[in-house]
Asker: 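One structure, as C-alpha cells, below. Some questions next.
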2 protein chains.
Amino acid sequence: MNYDEAKNKFISTWGALGTLWGINKAMAQIHALLMISPEPLSMEDIMEELQISRGNTSMNLRQLMDWGIVFKENKMGERKEFFTSEKNVQELARQIAKERSRRELQPTIKVLNDVSNIEEDGTAKTKELIQQTKALHEMANNLDIMMNKVIGQENNWITKALVKLIK
Amino acid sequence: MNYDEAKNKFISTWGALGTLWGINKAMAQIHALLMISPEPLSMEDIMEELQISRGNTSMNLRQLMDWGIVFKENKMGERKEFFTSEKNVQELARQIAKERSRRELQPTIKVLNDVSNIEEDGTAKTKELIQQTKALHEMANNLDIMMNKVIGQENNWITKALVKLIK
DNA sequence: TTAAACTTTCAAAATATTTTGAAAGTTTAA
DNA sequence: TTAAACTTTCAAAATATTTTGAAAGTTTAA
C-alpha cells in the first residue's frame with residue numbers, strides 16, 4: 001500500500017465511522033484529512049482534495065469548530081483562512097466525550113429522570129415504566145460520570161491508568 | 001405527567017437517541033416499547049402502538065434480535081409470535097458494547113493498523129500519516145479492550161466497581 | 001393435503017438528509 | 001471609499017434512508 005492508497009483508505013474509513021458517532025460523511029472526511037495533514041489547509045485545498053463544494057466545506061468546517069476539534073489558523077501575509085485539527089489523540093477523545101455528554105447524554109438523563117418520577121398508581125404497566133426508566137437513568141448517569149471523569153483527567157490518563165485498572 | 005405522557009416521552013426520546021448509536025427511529029422505538037411493557041407484545045400490538053406498517057415492524061424486530069436485545073417468545077395456545085426485550089439494563093449495556101465493538105471498532109482497528117504500517121519514505125506527509133494513524137490505532141485498541149473487559153465481567157460490575165475506581 | 005393464520009420480502013413511494021452553487025455578505029488592502 | 005478576495009447562506013437538486021403494503025412464503029391445525 002502506497003501513501004495515496006493509505007491516505008484514501010484512512011479518509012474513507014474515518015468518514016464511514018463518523019456517521020456512527022453522529023456526524024456526516026463530509027464532516028468526518030474533512031476531519032480525517034486535517035488529522036493527517038502536516039500543514040494547515042485552506043478551504044480551496046479541502047474542496048480540491050475531497051471533491052466537495054464550497055458551501056459544503058464551509059458548513060462542515062464550522063461544525064467541526066463547534067465541536068472544538070478543528071481550528072482556524074492565519075498565515076502571515078495570506079488573506080484566506082487555514083484550518084488544522086486537534087492533533088493530539090487524547091485531547092481529541094476528551095473533546096468528543098465532552099461534547100457527546102453535553103449534546104446527547106445530558107438531555108436523555110433529564111427525560112429519564114422526569115419519566116421515572118411519575119406517580120405510582122399501582123398498575124403493572126406504571127410499575128414497569130418506573131422501574132425500567134429508573135434503571136436506565138442510573139446507567140446513563142454512571143456513563144456520564146465516567147465520561148466527565150475522563151474529561152477532567154490529564155491527557156494520558158485513559159491509556160495509562162484505566163486500561164491497567166481494568167485488566 | 002401521567003402514564004401515557006411519560007410513556008410517549010420515553011419512547012420518542014429513546015427513538016431520537018437510537019439514531020445516535022446507529023439504529024433507526026422505528027427500531028429504537030420498538031425497543032423502547034418492549035423495554036417498558038410488562039407483557040410480551042405481538043407484531044399487531046407493536047404496529048398498533050407505534051402506528052407503523054407490518055413490514056417495518058417485521059424488519060426492525062429481526063434486526064433487534066440480531067443485536068441480541070430482543071427475543072421471540074411463544075405463548076401457549078397462541079399461533080402468533082410475541083416479543084420481549086432484554087429487561088436487565090446491565091445485560092443490555094453489555095450486549096450493545098459487544099455488538100458495537102464487533103461491528104464498528106474492530107473493522108476500524110484493522111484499517112488503522114494496515115494504514116499505519118505503510119512504508120516510511122522520509123516525506124513529512126507520510127510521517128504524519130503513520131504517526132497519527134498509529135496514535136488512533138492505540139486509542140481504538142484501548143477502547144476495545146475496555147469494552148471487552150466490560151463484556152467479560154459480572155453484571156453489576158460497571159456500576160459498582162468502575163464508578164468507584166474512577167471517583 | 002388444505003387452508004387459515006400468520007411472517008417475510010421487496011419494489012415503489014415517501015421522507016429525510018446532504019450537497020450544490022449562485023447570490024449575498026464580509027473583510028482587507030490600497 | 002472602493003473593489004478584490006475571500007466566506008457564508010440558503011433554496012433547489014441530488015442522494016440516501018426509511019416506510020409502506022401487497023404479494024410471496026411459511027407454519028400449523030385439522
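Residue numbers start from 1 in every chain, and the chains themselves are labelled A, B, ... in the order their sequence lines are given, proteins ahead of strands. Treat the numbers as computed from the prediction; the structure is a model and nothing was measured.
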Asker: Could you tell me whether A:D114 and A:K110 make a salt bridge, using a distance below 4.0 angstrom between a side-chain N and a carboxylate O?
Answerer: yes
Asker: Quick one: look up who C:dT18 pairs with, Watson-Crick or G-U, both distances under 3.5 Å, and put none if it's unpaired.
Answerer: D:dA13
Asker: A quick test of your reading: do over 12 heavy atoms of other residues, nucleotides or ligands sit less than 6.0 Å from CD of A:E119?
Answerer: no
Asker: For C:dT28, which nucleotide is its Watson-Crick or G-U wobble mate, given both distances must be under 3.5 Å?
Answerer: D:dA3
Asker: Quick check for you: among C:dT8, D:dC6, C:dT19, whose closest atom lies nearest to any side-chain atom of A:K80?
Answerer: D:dC6
Asker: Please determine if A:R54 and A:E44 form a salt bridge, counting it only when a charged side-chain N lies under 4.0 Å from a carboxylate O.
Answerer: yes
Asker: Would you tell me whether A:S101 and A:Q106 have side-chain atoms, one donor and one acceptor, within less than 3.5 Å of each other?
Answerer: yes
Asker: What is the base-pairing partner of C:dA23, counting Watson-Crick and G-U wobble geometry with both distances under 3.5 Å?
Answerer: D:dT8
Asker: Please compare A:A26 and B:K72 by the position of their nearest nucleotide in DNA chain C and report the one closer to 5'.
Answerer: B:K72
Asker: Between B:M27 and A:E78, who's closer to the 5' end of DNA chain D by nearest nucleotide?
Answerer: A:E78
Asker: Can a donor-acceptor pair be found, under 3.5 Å and without considering hydrogens, that links the side chain of B:N8 to the backbone of B:D4?
Answerer: yes
Asker: Using whole Å, report how far CD of B:Q63 lies from P of C:dT8.
Answerer: 13 Å
Asker: More 5' along DNA chain D: A:S58 or A:K25, using each one's nearest nucleotide?
Answerer: A:S58
Asker: Please give, in whole Å, the distance from D:dC6 P to A:I46 CD1?
Answerer: 15 Å
Asker: Output yes when B:E91 and B:K98 qualify as a salt bridge under the 4.0 Å nitrogen-oxygen rule, no when they do not.
Answerer: no
Asker: Kindly say if A:R62 contacts the phosphate of D:dT7, meaning a side-chain N or O under 4.0 Å from OP1 or OP2.
Answerer: no
Asker: Determine, stepwise, if the pair A:S53 / A:N56 fulfils side chain to side chain donor-acceptor pair (under 3.5 Å).
Answerer: CA-CA 5 Å; A:S53 72; A:N56 202 358; 4.7 Å; no
Asker: Between N or O atoms, less than 3.5 Å apart, protein on one side and nucleotides 11-15 of chain C on the other: list the pairs.
Answerer:
none

Asker: How many Å lie between CD1 on B:I52 and C1' on D:dT17, as a whole number?
Answerer: 15 Å
Asker: I need the CG-C1' distance between B:D66 and C:dT8, as an integer number of Å.
Answerer: 14 Å
Asker: A:N113 and A:N117: side-chain donor and acceptor closer than 3.5 Å?
Answerer: yes
Asker: Out of C:dT9, D:dT8, C:dT7, which has the shortest distance to the side chain of B:M43?
Answerer: C:dT7
Asker: Whole angstrom is fine here: how far is it from CD1 in B:I23 over to P in D:dT17?
Answerer: 16 Å
Asker: Under 6.0 Å from the ring centre and within 45 degrees of the ring axis: does the NZ or CZ of B:R100 meet both conditions for the six-membered ring of B:W67?
Answerer: no
Asker: Which parts of nucleotides 22-30 of chain D does protein reach within less than 4.0 Å, heavy atoms only, written one letter per nucleotide 5' to 3' as B for base, S for sugar-phosphate only and - for none?
Answerer: -----BB--
Asker: Is the shortest side-chain N to carboxylate O distance from A:K125 to A:E128 below 4.0 Å?
Answerer: no
Asker: I need the CG-P distance between B:L61 and C:dC6, as an integer number of Å.
Answerer: 16 Å
Asker: In terms of side-chain heavy atoms of B:S53, which of D:dT19, C:dT19, D:dT7 is nearest?
Answerer: D:dT19
Asker: Assign A:N56 to base, sugar-phosphate, or nothing according to its heavy-atom contacts below 4.0 angstrom with the strands shown.
Answerer: base
Asker: Let me know the distance between CD of A:E73 and C1' of D:dC6, rounded to the nearest Å.
Answerer: 18 Å
Asker: Using whole Å, what does the distance between atom P of nucleotide D:dC6 and atom CD of A:E44 come to?
Answerer: 8 Å
